[in-house]
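Computation of the quantities below employed the complete heavy-atom set of this structure, encompassing side-chain atoms and omitting hydrogens, waters and symmetry-equivalent molecules. Since we're looking at a predicted model, the values are computed, not measured.
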Amino acid sequence: MTAPRTPRKAFGRLSLPERTYIADALRTETVGGVLLLLAAIAALVWANIPALHDSYESVSHFHFGPGALGLNLSVAHWAADGLLAIFFFVAGIELKRELVAGDLKDPRAAALPVIAALCGMAVPAVVYTVTATVGGGSLSGWAVPTATDIAFALAVLAVIGTSLPSALRAFLLTLAVVDDLFAILIIAVFFTDTLNFAALGGAVAGLVVFWLLLRKGVRGWYVYVPLGLVIWGLMYNSGIHATIAGVAMGLMLRCHTREGEDHSPGEHIEHLVRPLSAGLAVPLFALFSAGVAVSGGALADVFTKPETLGVVLGLVLGKTLGIFGGTWLTSRFTKASLSDDLAWADVFAVATLAGIGFTVSLLIGELAFDGDAAMTDEVKAAVLCGSLIAAALATVLLKVRNAKYRGMVAEEERDDDFSGVPDVYEEDDPAYHLRMAAVHEKKAAEHRRIAEEMQSARLAEVTGGAGEEDDRPA
């Protein structure tokens, strides 16, 4: 007779290797997210102080680069097409790792974040489309509210000090990785007008060479960095957004370990490049993309024009309802019960947090309204407003349960046997219970010693007092 299958828990405890990886990745992303926030604030200040506005425009539109190679670009353009390629390179490695070693490896476990991410992109697009149609606006920006900015979301968590359980953080990270993949597919499919087939063929040939070198085990940054730059330049000149090159190269890296390896090449390279992405590439992109006018009139227009209102509603309502609804439906029809320590209110709060769409939303906004500078700035302002509203709502919702989260995290990190591994991962190991027995025996011996010393001191005090004649009453 087969044993009954244990019901799968949605947002259950992560395995120890996965928990360690998530903790390291989120630590870097959180620091990068704080830098992203600071860069966005600096951009807004720089662009809105009258004495500094002209210098912001001058720096953003300053061109440099080899014109003969079609790469004489503005600073803002280099940030959007060049630096974000690093960001998407890391996203490609993350996705590959999730597919071969993470949550996406198991189709049953992958269903939850994948369906949640798809619903979290489809519903905002529908919300934008309905809003723009009813208001008689342009449908060009339907893709703007579909993206989640994981760095910005984690920065909010860092600022408000929320101890979100690792399972929910992993869900947010995995969802954002899938979100990034579909966002880059949207950019490739819907925002490519003309193709230079010669340059595209060269980029594909370069990717083939890149893959062959990896297969042969060739090592050395001096081989891959120049080749990567050539592939990027050819992809840019092909007419397809250059960030596609970053994703493609990231997906080609091997992310499973072989005998004798502590870490796969993909994990090693991600560990080296992630700080560059989170700490430099994304903040610099924000610095030259978030500098929009935020006067009272401009902010009022955000909530009156159908395009900008559609972006705000898509991020705040569409993202929340899409992710929460997709998660609930997946859990409902796959018979996966929610973890005992969590409530659906926690999932709703994380879904609200995913409404922070900054980096990729700004990029798609620039592509969607290319050639219309006024609308581009208004859509950027809408992205900022929608992200801030989503952040504020998520802060309130998460704060309500913060005490519960702190208790869950403390339980996850408890290490009473001082083994360096949290106790929750060792409860089925006999060696753990032997170590705990030794710890308790040592504590018991210490308490017995203290009790004996206290008892001896009291006896000595009583005996000494009885022999003193001077202490008798007069």
How about [atom1] on [X], more than 12 heavy atoms from neighbouring residues, nucleotides or ligands closer than 6.0 Å, or not?
X: Phe348; atom1: CZ; answer: no
X: His77; atom1: NE2; answer: yes
X: His63; atom1: NE2; answer: yes

Kindly compute the distance separating [atom1] ([X]) from [atom2] ([Y]), expressed to the nearest 0.5 Å.
X: Leu139; Y: Thr133; atom1: CG; atom2: OG1; result: 4.5 Å
X: Leu112; Y: Leu175; atom1: CG; atom2: CG; result: 9.0 Å
X: Asp377; Y: Asp372; atom1: CG; atom2: CG; result: 9.5 Å
X: Leu118; Y: Thr146; atom1: CG; atom2: OG1; result: 11.0 Å
X: Ile364; Y: Ile184; atom1: CD1; atom2: CD1; result: 8.5 Å
X: Met121; Y: Leu185; atom1: CE; atom2: CG; result: 8.5 Å

Specify the closest pair of heavy atoms between [X] and [Y], including all atoms of both residues, with the distance to one decimal.
X: Ala188; Y: Ile244; answer: CB-CD1, 3.6 Å
X: His256; Y: Glu261; answer: O-OE1, 4.1 Å
X: Leu384; Y: Ala290; answer: CD1-O, 4.1 Å
X: Ala43; Y: Ala286; answer: CB-O, 3.9 Å
X: Pro145; Y: Pro124; answer: O-CB, 3.5 Å

Is there a side-chain contact (heavy atoms from CB on, under 4.5 Å) between Asp370 and Phe191 once you walk through the steps? CA-CA 10 Å; Asp370 187 27; Phe191 297 103; over 6 Å; no
Can you confirm whether [X] sits close enough to [Y] that some side-chain heavy atom of one is under 4.5 Å from a side-chain heavy atom of the other?
X: Val144; Y: Val379; result: yes
X: Val282; Y: Ser277; result: yes
X: Glu378; Y: Lys305; result: yes
X: Phe324; Y: Val123; result: no
X: Ile93; Y: Cys255; result: yes
X: Val360; Y: Phe87; result: yes

Could you tell me whether the side chain of [X] and the main chain of [Y] form a donor-acceptor pair under 3.5 Å?
X: Asp346; Y: Ala343; result: yes
X: Thr308; Y: Val302; result: yes
X: Lys319; Y: Thr352; result: no
X: Asn48; Y: Leu44; result: yes
X: Thr148; Y: Ala354; result: yes
X: Glu307; Y: Ser138; result: yes
X: Ser60; Y: Glu57; result: no

Among residues two or more places apart or on two chains, list those pairs meeting salt bridge (Lys or Arg N to Asp or Glu O under 4.0 Å) that have a residue in residues 355-366. Glu366-Lys380
Please tabulate, for side-chain N and O atoms in residues 207-234, each donor-acceptor pair with protein atoms closer than 3.5 Å (sequence neighbours left out).
residue, atom, partner, partner atom, Å
Tyr224, OH, Leu213, O, 3.3
Tyr224, OH, Val218, O, 2.6
Trp232, NE1, Asp81, O, 2.8

Quick one: side chains of residues 385-394, donor-acceptor pairs under 3.5 Å with protein atoms, not counting sequence neighbours, listed by atom name and distance.
residue, atom, partner, partner atom, Å
Ser387, OG, Gly357, N, 3.3
Ser387, OG, Gly357, O, 3.1
Ser387, OG, Val383, O, 2.8

Selection residues 353-393 - residue pairs positive for ring pair (Phe, Tyr, Trp, His ring centres under 6.0 Å), sequence neighbours left out: Phe152-Phe358
Ring pair (Phe, Tyr, Trp, His ring centres under 6.0 Å) contacts touching residues 111-151 (sequence neighbours left out): Trp142-Phe190
Decide side-chain contact (heavy atoms from CB on, under 4.5 Å) for Leu253 and Glu270; before the verdict, give the C-alpha distance in whole Å, the side-chain angles of both, and the deciding distance to 0.1 Å. CA-CA 10 Å; Leu253 292 174; Glu270 181 188 6; over 6 Å; no
Partners passing side-chain hydrogen bond (donor to acceptor under 3.5 Å, both in side chains) against Ser264 (at least two apart in sequence or in another chain): Glu267
Taking it one step at a time, do Trp328 and Val347 satisfy side-chain contact (heavy atoms from CB on, under 4.5 Å)? CA-CA 9 Å; Trp328 185 86; Val347 182; over 6 Å; no
Looking only at side chains, do Trp344 and Thr327 share a donor and an acceptor under 3.5 Å apart? no
Taking the six-membered ring for Trp, is the centroid-to-centroid distance between Trp78 and Phe288 below 6.0 Å?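 Between Trp78 and Phe288, the centre distance exceeds or equals 6.0 Å.
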Evaluate Val273 against Ile86 for side-chain contact (heavy atoms from CB on, under 4.5 Å), listing each step before the verdict. CA-CA 8 Å; Val273 180; Ile86 301 174; 3.8 Å; yes
